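Each residue takes its place number in the sequence, starting with 1. Remember, predicted model here, so these are calculated numbers, not experimental data.
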Amino acid sequence: MAWTTTPWTLPSNTALAVGPSIKYVKVETFNPYSGNKINVILCKDRVPAYFKAGNDELNFDEYKPGDKNIPFRIVEEYSGKELAGAEYEQLINWVNTKTPAFKVIPGDYVTTEDGTGIVHIAPTFGADDARVAKAAGIPAMILYDKDGNLVPMVDKQGRFFRIEDLHPDFVKNYVNIETYSEYAGKFVKSEYDPEADKKETTTDIDIAVMLKLQDKAFKIEKHVHNYPHCWRTDKPVLYYPLDSWFIKTTAVKDRLIELNKTINWKPQSTGEGRFGKWLENLVDWNLSRSRYWGTPLPIWSKEDGSEIKCIGSVEELMQEIGKAVEKGYMSADFWKGFKPGDFSKENYEKVDLHRPDVDEIILVAQDGSKMFREPDLIDVWFDSGAMPYAQWHWPFENADKFNELYPADFIAEGVDQTRGWFFTLHAISTMISDSVSYKNIISNGLVLDKDGNKMSKRLGNAVDPFSTMDEYGADALRWYMITNAQAWDNLKFDISGVDEVKRKFFGTLYNTYNFFALYANIDSFINQEKQVVFDKRP
């Protein structure tokens, strides 16, 4: 008996995960909805959450469907290790997998804190799901779209794939049109459905009701829990499996940790704790992004992926374009007039290294066939981390004085950059120069609203610093901030505090100076008189 808070992922289920050392029991009871007699398996520690104490003493023969108290009895006990390898029938048979699936597998992250101690696994919609399924040899629920591409069951509009958008051969061999048709094209989250306000139910509810009618649901209830949402649109995030390019940062993990210990962190706890732990649990850097605007991946490959070229400079790219021109794949006028080695602004205005121009470049493989650019872009954090090299155009220029300018003596940025700028600077520098990128760092805290929430224009709790300075003055704002929190601690910003600083501190200072200036002017005091010794002053 598995538990989930995302019913829309159930059609993509291919496995169930159990904790190898967790104790499980088989319970003989009745389905609360249908009244049919059933056997269920769940974590022993979670039995009280689903079965009322004392009902294990009730007589099975006296039970009638609809009775409030449902009898049950534990008939067998297992360890998770014993359950691993067991097979089960597919829960929702809309689409079949090409390779065998629907097995119980071990999962190191399964807990007994909530649910049933048995985790529903949909590898196409969860990182942990994908990891444990891959380790156990369980396939993901993958479909083929009409162009023959491998896709999850939900399209990028947030809908279950429409049958007409799937490959005909795949539909013929693997799709149960009778059961799938009713749900094909439905939005899995109502926030993505433009007509959601016209509908009485959601897809999650529809699937739950369907399972209830099929006698496959044991308990359906509303459950409030955290769920990732887009910080811009406030819509729920849907995770998709995508092909990506990675930098193998794990290959230099030990060196990253070693060099980090030479950096003077303020506070030290961030360098040893938050940043240090991030490095200790490092995974490879997912470099590519499926976007249009940004720095394109400089990688060209054959259509079958058997040959790849990574271009390291515009000069190298121009040489490869020259080969494509000779082969007849490219026009000789492409970026005509550009002179490799001339780094002037005028020369570089003749080329555009962004999309769509770079997508038009076709290179030549060793066997003479065409090579096309990988369509993805580079993670923008790579641009940030490459800043020390890029600002000096190293290694193409300033190579003679680069070591005098690098690494940085000091940097400062918010603590939220631990996995962003701080890491990318450190990773790129370690891989390229075997050096730290910065010697000293202040990882300053965040300016939060007065209730401790992160400021956001979307939430309407952001404070405009310029209007604040216009009203209260820059000095009052500075004094309020430096006296209310250390640089590396978060600051709960309350505008009334700035007003208090202006009135009580700077107001007192201003009035004191005005009092002095008034009488100094009356007495024509010019501060050139001999100072009276402090002890002799009246």
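- When ring centroids are compared, Trp381 and Phe423 stay outside the 6.0 Å threshold.
- The environment of Asn149 atom CG is dense: over 12 non-hydrogen atoms of other residues, nucleotides or ligands sit within 6.0 angstrom.
- Ring geometry for His393 against Phe396 counts as tilted: the plane angle lies between 30° and 60°, on a 0 to 90° scale.
- In this structure, NE2 in His120 is found 7.5 Å from OG in Ser12, a value given to the nearest 0.5 Å.
- Between Thr29 and Ile70, some side-chain heavy-atom pair lies under the 4.5 Å cut-off.
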**OP:** Check the pair Ser301, Glu307 against side chain to side chain donor-acceptor pair (under 3.5 Å), reporting the backbone distance first and the verdict last.
**Re:** CA-CA 6 Å; Ser301 61; Glu307 185 179 340; over 6 Å; no

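- The pair Arg289-Asp379 meets the salt-bridge criterion, with a side-chain N (NZ, NE, NH1 or NH2) lying under 4.0 Å from an Asp/Glu carboxylate O.
- For the pairing with Tyr24, the side-chain contact (heavy atoms from CB on, under 4.5 Å) check across Asp45, Thr116, Val104, Leu83 returns one residue only, Leu83.
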**OP:** Decide yes or no on side-chain contact (heavy atoms from CB on, under 4.5 Å) for Leu16 and Val119, but give the supporting numbers first.
**Re:** CA-CA 6 Å; Leu16 296 173; Val119 179; over 6 Å; no

**OP:** Go through the steps for Asp128 and Arg131 under the test salt bridge (Lys or Arg N to Asp or Glu O under 4.0 Å), then give the verdict.
**Re:** CA-CA 5 Å; Asp128 284 332; Arg131 176 174 59 83; 3.5 Å; yes

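- The shortest distance between side-chain heavy atoms of Met210 and Ile92 falls below 4.5 Å.
- The closest donor-acceptor contact from the side chain of Asn13 to the backbone of Ala122 lies at 3.5 Å or more, if one exists at all.
- In this structure, His223 and Trp3 have perpendicular ring planes: the angle between them is above 60°, well past the 30° mark.
- Atom CG in Asn31 sits 9.5 Å away from atom NZ in Lys212 (nearest 0.5 Å).
- Checked against the 6.0 Å centroid threshold, Phe60 and Phe72 do not count as a close aromatic pair.
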Show which side-chain atoms of residues 274-283 pair as donor or acceptor with protein atoms under 3.5 Å away, not counting sequence neighbours.
from	atom 1	to	atom 2	distance (Å)
Arg274	NE	Thr418	OG1	3.2
Asn281	ND2	Lys277	O	2.8

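- Listed for the Gln90 side chain is a donor-acceptor partner under 3.5 Å among the backbone atoms of Val95.
- Lys309 contributes a side-chain N or O that, together with a main-chain N or O of Val364, makes up a donor-acceptor pair within less than 3.5 Å.
- Nearest heavy atom pair, residue Asn286 against residue Ser244, reads OD1-CB, 3.3 Å.
- Here NE2 of His426 is found 8.5 Å from CD1 of Ile257. Values are rounded to the nearest 0.5 Å.
- Note: Tyr183 and Phe160 have perpendicular aromatic rings, judged against thresholds of 30 and 60 degrees for the angle between ring planes.
- When atom types are taken as modelled, the side chain of Ser181 and the backbone of Glu178 share no donor-acceptor pair closer than 3.5 angstrom.
- Of all the heavy atoms in Ala140 and Thr14, the pair that sits closest is C-CG2, 4.1 Å.
- If you take OH on Tyr292 and CZ on Arg355, they are separated by 6.5 Å, rounding to the nearest 0.5 Å.
- For the pair Lys370 and Tyr329, the cation-pi test (distance below 6.0 Å, angle within 45°) is passed.
- A donor-acceptor contact shorter than 3.5 Å links the side chain of Ser313 to the backbone of Glu316.
- For Phe187 and Tyr192, the distance between ring centers is not under 6.0 angstrom.
- The two residues Ile105 and Ala15 make their nearest non-hydrogen contact at CD1-CB, 4.0 Å.
- For the atom pair NZ of Lys345 and CG of Asn347, the computed distance is 13.5 Å after rounding to the nearest 0.5 Å.
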Original post:
Which is it for Glu28 and Lys37 under the salt bridge (Lys or Arg N to Asp or Glu O under 4.0 Å) test, yes or no, and what are the steps along the way?
Top reply: CA-CA 8 Å; Glu28 186 178 2; Lys37 195 172 183 180; 2.9 Å; yes

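- With Tyr180 contributing its side chain and Asn93 its backbone, the two residues share no donor-acceptor pair below 3.5 Å.
- Contact between Ile321 and Leu363 at its shortest, heavy atoms only, is N-CD2, 4.1 Å.
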Original post:
Does the pair Thr99 and Thr97 meet the rule for a side chain to side chain donor-acceptor pair (under 3.5 Å), with working shown?
Top reply: CA-CA 5 Å; Thr99 53; Thr97 58; 5.3 Å; no

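- Note on ring orientation: taking the six-membered ring where Trp is involved, the planes of Phe382 and Trp285 are tilted (angle from 30° to 60°).
- Judged by a 6.0 Å distance limit and a 45° cone about the ring axis, Lys216 is not positioned over the six-membered ring of Tyr33.
- Using a cutoff of 4.0 Å between basic side-chain nitrogens and carboxylate oxygens, Arg46 and Asp114 are not scored as salt-bridged.
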Original post:
What's the verdict on side-chain contact (heavy atoms from CB on, under 4.5 Å) for Thr295 and Leu377, showing C-alpha distance, side-chain angles and the deciding distance?
Top reply: CA-CA 6 Å; Thr295 303; Leu377 302 182; over 6 Å; no

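- Classification of Lys186 and Asp193 as a salt-bridged pair fails, no side-chain N sitting under 4.0 Å from a carboxylate O.
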**OP:** Kindly determine whether Thr249 and Met431 satisfy side-chain contact (heavy atoms from CB on, under 4.5 Å), including the steps that lead there.
**Re:** CA-CA 8 Å; Thr249 45; Met431 291 184 287; 4.2 Å; yes

**OP:** Go through the steps for Glu76 and Asn39 under the test side-chain contact (heavy atoms from CB on, under 4.5 Å), then give the verdict.
**Re:** CA-CA 10 Å; Glu76 204 164 346; Asn39 289 320; over 6 Å; no

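- Contact check on Asp284 versus Lys248 returns no salt bridge, with no Lys/Arg side-chain nitrogen under 4.0 Å from an Asp/Glu carboxylate oxygen.
- Judged purely by atom type and a 3.5 angstrom limit, Ser331 uses its side chain to pair as donor or acceptor with the backbone of Asp333.
- Judged purely by atom type and a 3.5 angstrom limit, Ser79 uses its side chain to pair as donor or acceptor with the backbone of Glu82.
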**OP:** Before giving the answer on side chain to side chain donor-acceptor pair (under 3.5 Å), spell out for Asp204 and Thr202 the whole-Å C-alpha distance, their side-chain angles and the decisive distance to 0.1 Å.
**Re:** CA-CA 5 Å; Asp204 279 339; Thr202 65; 5.1 Å; no

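- Judged by distance alone, with hydrogens and angles left aside, the side-chain atoms of Arg373 form a donor-acceptor pair with the main-chain N or O of Asp376 at under 3.5 Å.
- Residues satisfying the salt bridge (Lys or Arg N to Asp or Glu O under 4.0 Å) criterion with Lys323, sequence neighbours excluded, are Glu320.
- Ion pairing between a basic and an acidic side chain is recognised when a charged N comes within 4.0 Å of a carboxylate O; Lys64 and Asp67 show no such pairing.
- For Tyr239, the OH atom is loosely surrounded, since the number of other residues' heavy atoms within 6.0 Å does not exceed 12.
- A salt bridge between Asp165 and Arg162 is present, with a side-chain N of the basic residue lying under 4.0 Å from a carboxylate O of the acidic one.
- The CG atom of Leu211 lies 6.5 Å from the CG atom of Leu10; values are rounded to the nearest 0.5 Å.
- When all heavy atoms are compared, the tightest approach of Gly385 to Trp421 is N-CD1, 4.4 Å.
- Between Lys235 and Glu191 there is no salt bridge, since no side-chain nitrogen of the basic residue lies less than 4.0 Å from a carboxylate oxygen of the acidic one.
- Heavy-atom minimum distance, Gly305 versus Ile308: O-CG1, 4.5 Å.
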